[in-house]
*Asks:* 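Quick one: this structure, given as structure tokens, is what I'll be asking you about.
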There are 2 protein chains.
Amino acid sequence: MSERLDLESIARKAGVSRSTVSRVINDSPHVSERTRQHVLAIIEQENFHPNTAARALVKRRTDILGVVIPTSANVFLSDNNYYPLILAGLGEAIRQLDYAMLMWLGEVTHDDQHLMRKLSNPYLTDGLIFVSLPNDHPLYDKLSRLRQPFVMIDRPFGELENASYVSIDNLRAAEIATEHLIRLGRRRIAHITGMLTITDACDRLEGYKNALCAAGLPVDSQLIAEGVFNYESGYRAMKQLLPHRPDGLFAANDTMAAGALHAALEAGLRVPEDLSIVGFDDVDVAMQTTPSLTTIRQPIRAKGEVAARLLVDLINNRVSAPQHVILPTELIIRQSCGATNHTKGGDAHTAE
Amino acid sequence: MSERLDLESIARKAGVSRSTVSRVINDSPHVSERTRQHVLAIIEQENFHPNTAARALVKRRTDILGVVIPTSANVFLSDNNYYPLILAGLGEAIRQLDYAMLMWLGEVTHDDQHLMRKLSNPYLTDGLIFVSLPNDHPLYDKLSRLRQPFVMIDRPFGELENASYVSIDNLRAAEIATEHLIRLGRRRIAHITGMLTITDACDRLEGYKNALCAAGLPVDSQLIAEGVFNYESGYRAMKQLLPHRPDGLFAANDTMAAGALHAALEAGLRVPEDLSIVGFDDVDVAMQTTPSLTTIRQPIRAKGEVAARLLVDLINNRVSAPQHVILPTELIIRQSCGATNHTKGGDAHTAE
DNA sequence: TAGCCTTTTGGGAGCGCTCTCAAAATTGGT
DNA sequence: ACCAATTTTGAGAGCGCTCCCAAAAGGCTA
């Protein structure tokens with residue numbers, strides 16, 4: 001019904017040229033204040049929106065960042081709110097940077113080829129962020145062929161040249177968690193790993209072993225059970241560990257720690273008296289269990305924020321790849337480990 | 001370094017015209033098989049990607065769907081995995097439909113104007129999906145001025161003409177939950193509401209009241225406490241309800257039910273003996289509490305999937321707005337209500 | 001008021017694609 | 001082998017914007 005709106009039609013109504021309208025839209029300083037206000041008024045009145053496709057065509061910029069979370073459904077969806085937190089951090093930072101966020105979720109194995117073509121289309125996004133890309137993922141090999149700048153959240157496996165990432169020192173954090181249990185006098189310390197296709201999980205396992213070795217304790221494979229970062233797998237892993245009488249447990253995330261706690265309590269163990277538990281992440285669930293979980297806090301939201309900013313810096317050539325950012329972690333002592341602590345953590349109901 | 005790739009350059013290399021390459025890319029039937037294969041080979045060899053901006057400019061289609069989750073941070077991020085499930089449903093369906101998903105997360109109050117301009121730009125997305133838009137949200141008024149097709153997940157407040165939505169019958173589901181408690185002999189049934197700016201929460205409150213009235217039970221405002229859909233608020237609400245000695249509780253979602261359960265157990269109540277609890281959603285947490293939660297299951301992923309398909313139908317004029325889709329719910333009986341049940345639900349560790 | 005410099009404005013070209021229409025090549029029937 | 005029908009291909013225009021450059025307008029000094 002209403003004629004189609006473009007720069008030209010706005011220009012005509014405002015009695016100026018297309019170029020001037022363009023300048024107004026792009027906040028160019030080369031427009032008199034009088035003209036700017038007038039054009040702005042017409043734009044408002046006509047409810048005009050510049051065509052982003054036309055703009056992108058000439059500027060070779062879409063102002064869109066792509067986010068890929070290839071994590072399998074049962075981890076993303078489940079009780080583990082690591083990914084929602086990452087997303088929140090990404091979403092907020094990306095919006096602040098005045099970009100839009102294009103998202104691909106879930107397993108991409110089946111339409112791998114197809115998706116990769118979309119992802120690697122340099123005209124769709126200005127850059128990409130990969131979250132927790134498993135090292136056996138089909139996208140892995142294609143990364144090196146990517147033309148666009150990209151940032152990974154969580155350290156990639158092996159030496160991926162040109163890959164920038166944002167992560168934490170998982171190895172050291174796991175050592176700290178395990179050392180804490182050792183310091184509390186535990187000698188049969190078990191570990192529930194995360195999905196071992198994710199480097200973070202491998203590093204945490206490594207850190208756990210390191211700490212045992214450093215303390216002269218044996219690394220007993222019967223005290224190591226594999227999980228996949230969700231509650232269910234933590235519960236199962238603990239069932240499997242219980243016959244080997246652990247007196248301490250370091251779980252690769254809080255969600256699995258909660259599942260393990262459930263299994264331990266069900267088996268009649270007292271926590272922390274009989275079994276000392278330390279988790280990882282410090283997500284909400286850590287404060288909702290009884291007893292609440294001692295854990296390693298990592299800045300999950302910040303990972304997303306930092307990754308987004310880093311990507312934009314990469315896009316604008318303010319820095320050049322690869323960049324590696326390591327964010328700090330912190331041991332948060334609550335009830336599940338049995339250490340007395342009067343300053344940190346707090347219970348479930350006085351959270352900030 | 002390498003020359004810029006476009007249709008023309010591919011055409012030159014293949015010894016055909018730009019038009020032919022375009023036809024190949026768009027799967028036009030008007031190309032001989034011989035030519036198609038040849039061109040395809042060149043495209044592959046050169047790793048060519050058509051410029052989406054140029055295509056969008058002429059086709060007036062971006063093949064992008066916008067998803068807006070304006071929910072405040074503490075609900076999206078928290079223990080409640082309603083939104084991740086919605087997202088998973090949306091993400092999968094949108095990918096299957098061969099669209100990309102553009103996302104806006106979190107509160108938009110501050111840069112309201114700015115965001116709305118971006119959202120309503122008809123050249124950025126082909127359509128929009130709003131998830132749980134609170135009725136006091138600044139976007140609410142602007143919905144009627146939207147030119148693009150849009151679909152809401154969860155019923156919008158009031159009579160928004162032209163608004164299509166996908167939801168469930170919250171009113172009836174809440175009645176069923178409450179009736180179940182009544183049937184179990186409970187007489188002092190409490191309710192913890194969701195955020196009352198979301199229509200679903202209002203409907204559930206209404207259904208709760210309806211059921212009480214229908215059973216000749218009084219509606220006691222002291223037995224109604226307001227929550228915001230997260231664990232913390234469920235815990236607090238229960239603390240507030242306990243002095244009024246409820247013997248039953250219907251919580252507007254599982255996460256709050258879990259918080260309430262925590263508070264009840266802490267206060268020394270036995271569940272379900274002293275207090276019968278029914279939740280809503282049937283998310284993972286419902287099977288992880290002890291006792292596990294009786295709840296109303298709603299098809300959360302399906303909401304996302306259906307909304308995406310509906311939006312695409314709207315975009316392609318296969319249906320016309322407004323469309324209202326109501327998905328089915330189901331009462332899942334577990335331990336927290338005290339009803340004996342031998343067929344449904346199961347415990348936390350035998351999930352499907 | 002003329003002359004110079006600065007600020008502001010306008011017009012043309014072109015980004016890479018799709019679409020329409022016409023031309024060329026192929027097919028089939030006689 | 002010829003003409004009509006069909007299939008396949010090519011060229012031109014144009015989508016709505018930005019960018020470059022030149023022209024116009026405005027400000028200042030002499």
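Everything quoted here is computed from the prediction, not taken from an experiment. The sequence lines fix the lettering, A, B, ..., with proteins before strands; numbering per chain opens at 1.
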*Asks:* Taking the minimum atom-to-atom distance to the side chain of B:H30, which one of C:dT8, D:dT9, D:dT18 wins?
*Replies:*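 For the B:H30 side chain, the nearest candidate turns out to be D:dT9.
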*Asks:* So, B:D126 and B:T62: side-chain donor and acceptor under 3.5 Å apart, yes or no?
*Replies:*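 On atom types as modelled, these side chains qualify, holding a pair under 3.5 Å.
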*Asks:* Between B:Q148 and B:S120, is there a side-chain donor-acceptor contact under 3.5 Å, judged purely by atom types and distance?
*Replies:* no
*Asks:* Report the end-to-end axis angle of the helix from C:dT1-D:dA30 to C:dG29-D:dC2; each axis comes from five terminal pairs, and the value is rounded to 10°.
*Replies:* 30°
*Asks:* Tell me which nucleotide among D:dC19, D:dC17, C:dG10 gets nearest to the side chain of A:L7.
*Replies:*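 Selected nucleotide (nearest to the side chain): D:dC17.
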*Asks:* If you check every side-chain atom of A:V31, which of D:dC19, C:dT9, D:dT9 has the closest atom?
*Replies:*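 Nearest listed nucleotide: C:dT9.
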*Asks:* So, under a plain 3.5 Å distance rule, would you say the side chain of B:R18 forms a donor-acceptor pair with the base of C:dT18?
*Replies:*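 Yes, the side chain and the base share a sub-3.5 Å donor-acceptor pair.
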*Asks:* With a 4.0 Å cutoff (strictly under), does any side-chain N or O of B:S22 reach OP1 or OP2 of C:dT18?
*Replies:*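 It does, given that an N or O in the side chain of B:S22 lies less than 4.0 Å from OP1 or OP2 of C:dT18.
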*Asks:* Are the charged groups of A:E92 and A:R95 less than 4.0 angstrom apart, N to O?
*Replies:* no
*Asks:* Among the nucleotides C:dG10, D:dC15, D:dT18, which one has an atom lying closest to any side-chain atom of A:N26?
*Replies:* D:dT18
*Asks:* Are a donor atom and an acceptor atom from the side chains of A:D154 and A:S132 found within less than 3.5 Å of each other?
*Replies:*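 Note: A:D154 and A:S132 side chains meet the donor-acceptor criterion.
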*Asks:* If you assign B:V58 and B:S17 each to the DNA chain D nucleotide with the nearest heavy atom, which residue ends up on the more 5' nucleotide?
*Replies:* B:S17
*Asks:* When only distance counts, do a donor and an acceptor, one from the side chain of B:R60 and one from the base of D:dG16, lie under 3.5 Å apart?
*Replies:*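 Donor-acceptor pair under 3.5 Å: no.
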*Asks:* From C-beta outward on A:T20, which listed nucleotide comes closest to its side chain: C:dT9, D:dT8, D:dT18?
*Replies:*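 When the side chain of A:T20 is considered, C:dT9 is the closest of C:dT9, D:dT8, D:dT18.
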*Asks:* Could you check which residues of residues 46-54 of chain B get a heavy atom under 4.0 Å from DNA chain C? Sort them by number, please.
*Replies:*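 Heavy-atom contacts with DNA chain C come from B:F48, B:P50, B:N51, B:A54.
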*Asks:* Counting only side-chain heavy atoms from C-beta out, which of D:dC17, D:dC15, C:dC17 sits nearest to B:L57?
*Replies:* D:dC15
